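What follows is a set of notes on a single structure, which appears directly below.
None of the values given here were measured: they were computed from a predicted structure.
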Amino acid sequence: MATLYLIRHGQASFGKADYDQLSDRGWEQGRVLGRWLAGKVKPSAVFAGDLKRHQQTFDAIAEGFGAELPELSQLPGLNEFDHTRVIEALKPAWADREAMAQELAGHDHPAKAFQLMFAEAVRRWVSDENAADYPESWSAFRERVLTALRQATAAANGGDILVVSSGGPIAVVMQAVLGLTDDRALALNEVIANTSVTRLLFSGERMSLSVFNSYEHLENESPALVTFR
């Protein structure tokens with residue numbers, strides 16, 4: 001069986017005007033992963049979503065890897081869901097980023113307050129009871145991620161592949177492989193580290209989990225490199 005290395009992007013720019021950029025730490029996470037993969041993996045193909053943080057993560061991996069990697073193929077189906085629209089469906093006032101910042105500043109722990117609100121917003125989205133409030137329903141999101149994954153494995157011609165994506169799509173893949181409920185799949189999303197590697201064995205459309213959310217490459221380099229956003 002071939003191996004699919006499913007990688008979450010490096011740390012993005014949380015709190016900045018453009019979240020969809022790797023932070024300096026995110027770039028270093030990617031380079032560390034590339035060095036760790038070198039000598040262990042000879043991928044026949046490499047895929048990623050078309051978000052900037054996906055492309056930049058691949059670039060950082062390639063820099064650390066050293067040897068030449070296959071040309072990156074982009075699959076938009078591997079993109080993350082639109083977290084801003086999911087939040088704004090629950091908190092329309094937060095479409096005004098200044099209003100959001102002011103409300104969060106009133107909490108003792110603004111980051112924790114945001115995470116709690118985000119979790120509530122995602123639960124509302126996943127229920128599919130308010131599907132009309134969103135440009136993409138939870139069901140549609142799952143289907144496009146799994147369709148993209150099938151496209152990647154079909155194009156691999158039996159070889160190992162690298163896939164760079166985001167926490168939400170990785171949780172969807174875990175749900176499909178392990179038969180998880182929506183709640184359990186979403187719980188996984190909260191613990192997927194930046195540039196972590198989830199290894200899946202596949203043959204045709206058969207797929208099984210080998211390793212979930214490994215980030216030993218970061219721990220070996222520096223505990224400060226371990227992040228989850």
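When every heavy atom of Val86 is checked against every heavy atom of Phe81, the shortest pair comes out as CG2-CD1, 3.9 Å. Of all heavy-atom pairs between Ala185 and Ala171, the closest is O-CB, 3.4 Å. Ala2 and Gly159 get closest at one heavy-atom pair: CB-O, 3.5 Å. The two residues Phe228 and Val191 make their nearest non-hydrogen contact at CE2-O, 3.3 Å. Between Pro70 and Ala45 the shortest heavy-atom distance is CG-N, 4.0 Å. Contact between Gly10 and Leu22 at its shortest, heavy atoms only, is O-CD2, 3.3 Å.
Taking OH from Tyr134 and CG from Asp82, the interatomic distance works out to 11.5 Å, rounded to the nearest 0.5 Å. The CD atom of Gln74 lies 10.0 Å from the CZ atom of Phe58; values are rounded to the nearest 0.5 Å. Distance check: Thr57 OG1 to Gln11 CD gives 11.0 Å after rounding to the nearest 0.5 Å. Remark: Leu51 CG to Asn79 CG distance equals 3.5 Å, nearest 0.5 Å. Atoms CG and OG, on Leu6 and Ser196 in that order, are 8.0 Å from each other to the nearest 0.5 Å. Separating the CD1 atom in Ile7 from the CG atom in Asn194 is a distance of 12.5 Å, to the nearest 0.5 Å.
Under a 4.0 Å N-O distance rule, the pair Glu221/Arg25 does not qualify as a salt bridge. A salt bridge does not link Lys40 with Glu216: every distance from a Lys NZ or Arg NE/NH1/NH2 to an Asp or Glu carboxylate oxygen is 4.0 Å or more. Look at Glu88 and Arg97 and you find a salt bridge, because one of the NZ, NE, NH1 or NH2 atoms lies within 4.0 Å of a carboxylate O, short of that distance. A salt bridge between Arg53 and Asp20 is present, with a side-chain N of the basic residue lying under 4.0 Å from a carboxylate O of the acidic one. The pair Asp133-Arg124 meets the salt-bridge criterion, since a charged nitrogen lies less than 4.0 angstrom from a carboxylate oxygen. Electrostatic pairing of Glu136 and Arg85 does not count as a salt bridge here, judged by no charged N lying under 4.0 Å from a carboxylate O.
Side chains of Gln56 and Gln21: a donor on one and an acceptor on the other come within 3.5 Å. Between the side chains of Asp182 and Gln175, at least one donor N or O lies within less than 3.5 Å of an accepting N or O. In this model, no donor atom of one side chain and acceptor atom of the other lie less than 3.5 Å apart for Arg184 and Thr181. With 3.5 Å as the limit, one finds a donor-acceptor pair spanning the side chains of Trp94 and Glu103. Between Arg8 and Tyr215, the side chains place no donor N or O within less than 3.5 Å of an acceptor N or O (distance only, hydrogens not considered).
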**OP:** Test side-chain contact (heavy atoms from CB on, under 4.5 Å) on Tyr5 and Val41 and set out the steps.
**Re:** CA-CA 9 Å; Tyr5 295 84; Val41 181; 3.6 Å; yes
Original post:
Does the pair Leu218 and Thr195 meet the rule for a side-chain contact (heavy atoms from CB on, under 4.5 Å), with working shown?
Top reply: CA-CA 9 Å; Leu218 301 178; Thr195 69; 3.6 Å; yes
Subject >> Working for salt bridge (charged side-chain N to carboxylate O under 4.0 Å, His left out), residues Glu143 and Arg150 >> reply: CA-CA 11 Å; Glu143 182 54 35; Arg150 287 192 290 269; 3.1 Å; yes
Original post:
Between Val145 and Leu149, is a side-chain contact (heavy atoms from CB on, under 4.5 Å) present by the stated rule, with each step listed?
Top reply: CA-CA 6 Å; Val145 169; Leu149 192 73; 5.6 Å; no
**OP:** Kindly determine whether Glu28 and Arg35 satisfy salt bridge (charged side-chain N to carboxylate O under 4.0 Å, His left out), including the steps that lead there.
**Re:** CA-CA 11 Å; Glu28 181 59 16; Arg35 293 195 293 269; 3.5 Å; yes
Subject >> Pair Thr3-Leu200, side-chain contact (heavy atoms from CB on, under 4.5 Å): steps then yes or no >> reply: CA-CA 6 Å; Thr3 301; Leu200 298 153; over 6 Å; no
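Judged by distance alone, the side chain of Asp160 and the main-chain N or O of Pro43 form no donor-acceptor pair under 3.5 Å. Panel note: side chain Gln29, backbone Leu225; a donor-acceptor pair is recorded below 3.5 Å. With Ser137 contributing its side chain and Ala131 its backbone, the two residues share no donor-acceptor pair below 3.5 Å. When atom types are taken as modelled, the side chain of Thr227 and the backbone of Arg229 share no donor-acceptor pair closer than 3.5 angstrom. No donor-acceptor pair under 3.5 Å is formed between the side chain of Arg199 and the backbone N or O of Ser210. Although no hydrogens or angles enter the test, the distance criterion places no donor-acceptor pair under 3.5 Å between the side chain of Asn213 and the main chain of Val197.
A heavy-atom distance below 4.5 Å is not found between the side chains of Ile61 and Arg31. By the 4.5 Å heavy-atom criterion applied to side chains, Leu188 and Phe212 are counted as neighbours. Leu78 places none of its side-chain heavy atoms less than 4.5 Å from the side chain of Pro169. Two residues are said to be in side-chain contact when any heavy atoms from C-beta on lie closer than 4.5 Å; Val46 and Ile161 fail this criterion.
Side-chain rings of Phe141 and Trp125 approach one another, their centers coming within less than 6.0 Å.
Taking the six-membered ring for Trp and thresholds of 30 and 60 degrees, His9 and His54 have ring planes inclined between 30 and 60 degrees apart.
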